[in-house]
Each structure stands twice: as structure tokens, then as C-alpha cells.
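All residue numbers in this chain count up from 1 along the given sequence. Every number for a ligand or one of its atoms is a count from 1 in the order of the listing.
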Amino acid sequence: MQAYHESFARVYNLRWGGWAKSIAPHLEKFFSAFSGISEQPTLLDLCCGTGQLALHFLQRGFRVTGIDLSAAMLRYARENCNEFLESGLAQFIHADATAFTLEEPVRFAISTYDALNHLADLEALKKCLQCVHQALMDEGVFIFDLNTRLGLRRWATLRIEEDPKLTLMQSGLWDEAGGKAWVRIWGFLRSEDGRYDRFEETVFNTAFHLADVSRVLRETGWHRWHFSRLDDLTTPLEDPEQEARVFVVAYKD
Ligand SMILES: C[S@@+](CC[C@H](N)C(=O)[O-])C[C@H]1O[C@@H](n2cnc3c(N)ncnc32)[C@H](O)[C@@H]1O
């Protein structure tokens with residue numbers, strides 16, 4: 001379980017929410033190439049965090065369901081997507097990515113910024129892929145990114161950042177035998193009244209061998225998939241383990 005806590009959710013919203021926003025145009029371009037999405041397209045944003053990616057798609061006419069295990073992250077997601085809540089175009093659900101169902105199937109699903117590396121093991125990834133498979137329409141597509149082993153080895157560093165608003169420290173560990181990277185993130189964030197609030201979060205990423213990811217995709221009924229780079233989601237990578245991060249594009253049918 002890696003639901004982010006309240007104090008960290010506030011920092012995430014300020015400091016990391018922008019990454020999802022920056023990758024959104026690539027995902028949108030990929031989705032727009034599909035025929036039959038002239039009617040209102042539907043999107044599941046799994047592990048949606050603070051909702052910046054959901055907002056991008058809501059503003060472009062998608063109906064979005066966000067799921068996250070952190071009540072604190074969901075509060076920011078609802079705040080960021082506030083204008084779309086009342087109409088029902090946006091809904092945010094508190095649920096585990098390994099055990100959820102949707103009332104209506106969706107056309108597209110995404111899960112970004114290493115969210116699925118937060119799952120504890122292959123069994124959890126398998127359950128998650130099963131849930132997404134069930135949540136999609138037959139012609140549905142799921143795109144998720146993963147830090148590879150190569151990428152996670154780089155977590156073993158100490159970083160300190162400081163600006164007038166935020167002091168941020170990150171210390172990472174990489175466990176080669178266990179295939180897990182850990183990072184402790186802590187620091188101080190200035191409030192509007194000038195005081196500094198302390199935050200702290202420790203998260204892990206599981207390093208999935210991409211051959212194992214392929215195996216669990218096959219076992220959970222996905223029809224075809226490939227590993228790609230964000231800037232070219234249609235082209236399969238020849239040697240994805242040589243990348244620090246890959247985008248998995250999986251087709252239900
Ligand atoms: C790195 S953040 C990514 C957030 C967002 N997708 C983005 O691109 O900014 C990972 C998110 O996954 C959520 N999370 C972790 N484990 C989860 C689980 N088992 N089920 C649902 N959400 C989970 C955390 O609460 C957090 O919001």
C-alpha cells in the first residue's frame with residue numbers, strides 16, 4: 001500500500017503534478033489517432049494523484065474517472081478538476097488499483113509517473129492488469145509507464161533542493177537483489193502565513209523485469225502490447241530494458 005499522506009500530497013501537487021501535464025499532449029495525440037472517438041471519449045486515470053492529467057483531458061472533452069488509494073491526493077484532484085465535478089464529467093474514486101471495478105467500461109486507460117512501480121510485486125501487477133482489462137471496452141487501450149531496473153538504479157543518490165518556498169531532500173536506496181528502490185523525501189514547505197510545514201514520505205518502486213510484465217499481460221488476456229518511448233508511442237522499442245523509463249501500450253482486443 002503506498003497511498004501518499006496529507007503533508008506530502010500538498011508538496012506533490014505543487015512540485016510534481018506538472019510532469020503529468022507535460023506528457024499529456026503525447027498521450028492525447030496517440031488517442032486522437034483512433035477512429036470512433038468523435039463521441040465523448042472516456043478515460044480511466046488509474047493512480048491519478050493530484051489530477052493534473054485528468055484536467056488536461058477534461059478540458060478537451062473527455063469524461064474522466066480517476067482512481068487513487070490516497071484520500072489526500074484525491075482531495076487535490078477534486079480541487080484541481082472542480083469545474084467538471086458537478087456535471088459528472090469528472091469523478092474521483094478512492095480505491096486500490098489492484099481491486100476495483102467500474103460501472104461503465106471506458107475507451108482509454110492511463111497510469112502515469114511510475115504509479116504501477118508502486119505495486120509490491122508481480123502478483124499485484126497482475127491483479128491490476130486484470131482490473132483494467134475488465135474496465136475497458138473491447139477496443140480499449142491502456143498506456144502506463146514504468147521505471148526500468150536501469151532507471152531505478154539511479155535512485156541511489158542524495159539530492160537537496162532549496163528555494164524560498166520549499167526545502168526538499170531526497171535520499172534513495174537501490175536493492176539489486178530484491179529489485180526495489182526506496183526513496184525518502186522530506187523537507188519544509190512555506191505556508192501562506194510564512195511558517196514552514198514539515199513533510200515526509202517514504203516510497204518504493206518495484207523493478208519489474210519487462211519480460212515478466214509481458215508474461216502477466218499475456219496471462220491477463222491482453223491481445224497485444226509493446227514498450228515504447230513517450231515521444232513515439234506507436235513504435236516498439238527493440239531493447240526496452242536499455243531505457244530508464246518505458247511506456248507500455250496494451251490493447252485489449
Ligand atoms: C507518483 S504518483 C503518480 C500520480 C499521477 N499519476 C501523476 O502522473 O502525477 C503515484 C500515485 O499512486 C497512488 N497509489 C499508490 N499505490 C496505489 C494503489 N495500490 N492503488 C491506487 N493508487 C495508488 C499514490 O497515492 C499516488 O497518488
Side-chain angles (χ1 to χ4, degrees), residues 1-28 43-58 62 64-81 90-102 108-132 134-135 142-148 151-152 155 168 170 172 180-185 199-208 216 230 233 244-248:
M1 292 282 191
Q2 292 208 76
Y4 292 1
H5 298 100
E6 180 66 53
S7 64
F8 185 64
R10 186 168 157 233
V11 181
Y12 191 97
N13 188 43
L14 283 173
R15 173 72 171 66
W16 285 285
W19 189 79
K21 227 159 121 179
S22 73
I23 68 166
H26 295 281
L27 300 170
E28 188 191 341
L43 175 72
L44 166 66
D45 185 359
L46 189 61
C47 306
C48 62
T50 44
Q52 281 84 357
L53 192 53
L55 181 62
H56 177 98
F57 284 99
L58 286 161
F62 284 62
V64 179
T65 300
I67 287 184
D68 204 280
L69 194 55
S70 161
M73 296 292 269
L74 286 172
R75 262 197 303 281
Y76 284 101
R78 291 193 187 102
E79 206 175 288
N80 290 331
C81 302
Q91 60 165 339
F92 291 97
I93 301 171
H94 187 214
D96 191 322
T98 65
F100 70 91
T101 52
L102 294 186
F108 301 110
I110 48 181
S111 188
T112 58
Y113 219 174
D114 337 327
L116 298 191
N117 286 107
H118 284 34
L119 300 177
D121 51 30
L122 265 180
E123 197 46 42
L125 180 64
K126 188 171 174 180
K127 284 184 188 157
C128 171
L129 290 171
Q130 244 157 6
C131 291
V132 180
Q134 272 176 12
F142 180 32
I143 301 184
F144 60 101
D145 67 63
L146 287 174
N147 278 322
T148 62
L152 289 172
W155 275 32
L168 179 77
Q170 296 188 52
K180 276 208 168 48
W182 296 84
V183 65
R184 179 170 168 245
I185 305 172
F199 60 87
E200 173 160 7
E201 189 76 67
T202 300
V203 294
F204 68 78
N205 263 207
T206 302
F208 296 111
V216 289
L230 174 65
L233 290 166
R245 178 193 300 277
V246 291
F247 281 76
V248 187

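If you check each of Ala71, Ala20, Cys47 against atom 5 (C) of ligand 1, the one with the closest non-hydrogen atom is Cys47. Here atom 3 (C) of ligand 1 lies nearest to Tyr12 when heavy atoms of Phe8, Tyr76, Tyr12, Phe100 are compared.
When atom types are taken as modelled, the side chain of Arg78 and the backbone of Phe92 share a donor-acceptor pair closer than 3.5 angstrom. With Asp145 contributing its side chain and Asp114 its backbone, the two residues share a donor-acceptor pair below 3.5 Å. Remark: the backbone N or O of Thr50 is paired with a side-chain donor or acceptor of Asn80 at under 3.5 angstrom. A donor-acceptor pair under 3.5 Å links the side-chain atoms of Ser111 to the main chain of Leu46, judged by distance alone. Between the side chain of Asn117 and the backbone N or O of Leu146, no donor-acceptor pair lies under 3.5 Å. For Thr206 (side chain) and Ala120 (main-chain N/O), a donor-acceptor pair under 3.5 Å exists by modelled atom type.
With a 4.0 Å cut-off on non-hydrogen atoms, Ala95 touches ligand 1 through its backbone and not its side chain. Contacts between Trp16 and ligand 1 below 4.0 angstrom, taking non-hydrogen atoms only, are absent altogether. With a 4.0 Å cut-off on non-hydrogen atoms, Ser111 does not touch ligand 1 at all.
Under the salt bridge (charged side-chain N to carboxylate O under 4.0 Å, His left out) criterion, Glu6 pairs with Arg75, not counting sequence neighbours.
Of the N or O atoms in Trp19, none lie within a sub-3.5 Å distance of an N or O in ligand 1. By the 3.5 Å distance cut-off applied to N or O atoms, Met73 is not counted among the residues near ligand 1. Close N/O approach between Ile67 and ligand 1 is not found [any backbone or side-chain N/O within under 3.5 Å]. At under 3.5 Å, not a single nitrogen or oxygen of Leu46, backbone or side chain, sits near a nitrogen or oxygen of ligand 1.
Taking a cut-off of under 4.0 Å to the non-hydrogen atoms of Asp96, the atoms of ligand 1 that pass are 18 (C), 19 (N), 20 (N).
In this structure, Thr98 has no heavy atom closer than 4.0 Å to ligand 1. Under a 4.0 angstrom heavy-atom cut-off, Gly17 registers as lying outside contact with ligand 1. Heavy-atom separations between Asp68 and ligand 1 include at least one value shorter than 4.0 Å.
For His94, the NE2 atom sits in a packed shell: over 12 heavy atoms of surrounding residues, nucleotides or ligands are nearer than 6.0 Å.
For the pair Asn13/Gln52, a side-chain contact is recorded, criterion being any heavy-atom separation below 4.5 Å from C-beta on.
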